[in-house]
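Notes to accompany the following structure.
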Amino acid sequence: MNNRAPLLPPAQPSDLYRFPVDPTNSDADGEDVVAGFFRRQIEDLLSIVCLTKDGVPVDVDAFVFQKDRYSNDALAIRLFDPPRLRPDVRSTSDTNKNQARSTGGQERPQSFYDLDVLRRTEPRIEYLANALGALNTLVRVDVRDGKIVEFSLNDESHWIAPSQGDPNEVLGALTRACNARCEFCYVFGNPSNTTIKLNRRDNAGSTAEALRRLSYFSNGKMLPQPTYDLEEIMIHPAFREIATGIRKSTSTPMSITTNGYALTEDCVVFLKSLEPIEISLSLNAVSPDVRKRLMAGRHMKA
């Protein structure tokens with residue numbers, strides 16, 4: 001008699017547990033779409049986990065984003081969702097019967113595993129289904145071999161905020177890696193995962209972004225602001241076009257830092273037309289020999 005337990009199948013995606021995802025799963029109900037998404041995630045998480053402090057359960061009723069940590073504008077959360085978790089059987093029984101008669105109700109076969117029968121024993125799976133459905137309201141994804149490998153924002157208008165009036169909200173998209181190679185430059189010693197880094201988009205992509213940002217800026221709005229190192233903005237081929245557009249929208253002073261390589265007479269005349277403007281020149285040294293040694297080939301300008 002063979003008493004050996006059957007061998008388990010190798011680790012692989014489960015064909016048993018397949019669940020549908022609602023392509024329009026959103027209950028924002030008029031609130032900010034992004035805030036509503038995170039509110040829903042917190043509510044769903046709190047339906048399966050309990051927060052504690054020093055071993056004691058903590059009840060929460062609202063949250064703020066970290067960037068608004070000291071704001072009083074907290075967003076209320078519901079610890080339970082009565083329509084979904086605790087249906088009123090008396091008010092829904094007749095409706096359920098009519099629906100069962102027309103659709104087959106619980107007798108109707110389905111190809112997906114039923115989330116309802118796992119709600120009490122493994123609610124984390126329902127959380128995943130809700131989270132993926134909610135993501136459909138914010139992003140589009142590219143899937144390869146069953147894995148999400150890329151995503152883009154569905155509607156960038158969900159992410160706009162009031163402009164602070166700073167021209168660098170637009171000019172920052174044009175920043176290029178400095179065309180000098182100063183021996184002492186801090187940029188090339190930065191960690192690879194720093195939040196302040198060079199803009200590596202090509203000229204076409206950065207120009208398109210700057211034009212889009214300019215259209216928002218002209219209407220008092222801004223897209224999420226990247227923390228680029230503001231290096232040689234003036235060497236970008238679209239600099240004059242974008243700077244002129246900014247000056248048509250605001251009289252706020254522009255502030256530009258440069259190693260001086262682009263400061264031809266023609267450029268200086270153009271910059272004067274943008275007044276008020278502040279130019280910070282990284283001269284580094286006045287001796288040609290020292291500049292040549294420090295700046296690696298960009299020492300004769302400025």
Taking distance alone, no hydrogens or angles, what donor-acceptor pairs closer than 3.5 Å link side-chain atoms of residues 51-72 to residues at least two apart or in another chain?
| from | atom 1 | to | atom 2 | distance (Å) |
| --- | --- | --- | --- | --- |
| Gln66 | OE1 | Arg69 | NH1 | 3.0 |
| Ser71 | OG | Asp73 | N | 3.0 |

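- Every pair passing salt bridge (Lys or Arg N to Asp or Glu O under 4.0 Å) that includes a residue from residues 260-269 is listed here, sequence neighbours excluded: Arg240-Asp266.
- Formation of a donor-acceptor pair under 3.5 Å by the Lys197 side chain with backbone atoms of Ser192 is found in this model.
- Residues that satisfy the side-chain contact (heavy atoms from CB on, under 4.5 Å) test with Thr121, not counting sequence neighbours, are Leu118.
- Qualifying side chain to side chain donor-acceptor pair (under 3.5 Å) partners for Asp155, counting only residues two or more places apart in sequence or in other chains: Ser157.
- For Asn154, the side-chain contact (heavy atoms from CB on, under 4.5 Å) criterion is met by Arg140, not counting sequence neighbours.
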Distance-only criterion, 3.5 Å: show the donor-acceptor pairs between side-chain atoms of residues 211-226 and protein atoms not counting sequence neighbours.
| from | atom 1 | to | atom 2 | distance (Å) |
| --- | --- | --- | --- | --- |
| Arg212 | NH1 | Glu156 | OE1 | 2.8 |
| Arg212 | NH1 | Glu156 | OE2 | 2.9 |
| Arg213 | NE | Glu209 | OE2 | 2.8 |
| Arg213 | NH1 | Pro224 | O | 3.4 |
| Arg213 | NH1 | Gln225 | OE1 | 3.4 |
| Arg213 | NH2 | Glu209 | OE2 | 3.2 |
| Arg213 | NH2 | Pro224 | O | 2.7 |
| Ser215 | OG | Arg212 | O | 2.6 |
| Tyr216 | OH | Glu156 | OE2 | 2.9 |
| Ser218 | OG | Leu214 | O | 2.9 |
| Ser218 | OG | Ser249 | OG | 2.9 |
| Asn219 | ND2 | Ser215 | O | 2.8 |
| Gln225 | NE2 | Asn168 | O | 3.1 |

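- Under the 3.5 Å distance criterion, the side-chain polar atoms of Asp145 are left unmatched by any main-chain donor or acceptor of Lys147.
- Not a single donor-acceptor pair under 3.5 Å links the side chain of Thr194 to the backbone N or O of Asn190.
- Residues meeting the side-chain contact (heavy atoms from CB on, under 4.5 Å) test with Phe151, sequence neighbours left out: Val139, Val141, Leu153.
- For the pair Arg293 and Asp289, the salt-bridge criterion is not met [side-chain N within less than 4.0 Å of a carboxylate O].
- Side-chain atoms of Ile42 and Leu45, non-hydrogen and from C-beta on, never get closer than 4.5 Å to each other.
- Sorted by first then second residue, the salt bridge (Lys or Arg N to Asp or Glu O under 4.0 Å) pairs that include residues 273-282, not counting sequence neighbours, are Lys272-Glu275.
- For Tyr127, the side chain to side chain donor-acceptor pair (under 3.5 Å) partners two or more places apart in sequence, or in a different chain, are Gln41.
- Checking side-chain atoms of Asn199 against main-chain N and O of Arg201 turns up a donor-acceptor pair under 3.5 Å.
- Between the side chains of Glu232 and Thr175, no donor N or O sits under 3.5 Å from an acceptor N or O.
- In this structure Arg200 satisfies the side chain to side chain donor-acceptor pair (under 3.5 Å) test with no other residue, sequence neighbours excluded.
- For Thr252, the side chain to side chain donor-acceptor pair (under 3.5 Å) partners are Thr250, not counting sequence neighbours.
- Residues satisfying the side-chain contact (heavy atoms from CB on, under 4.5 Å) test with Pro276, not counting sequence neighbours, are Arg247, Pro253.
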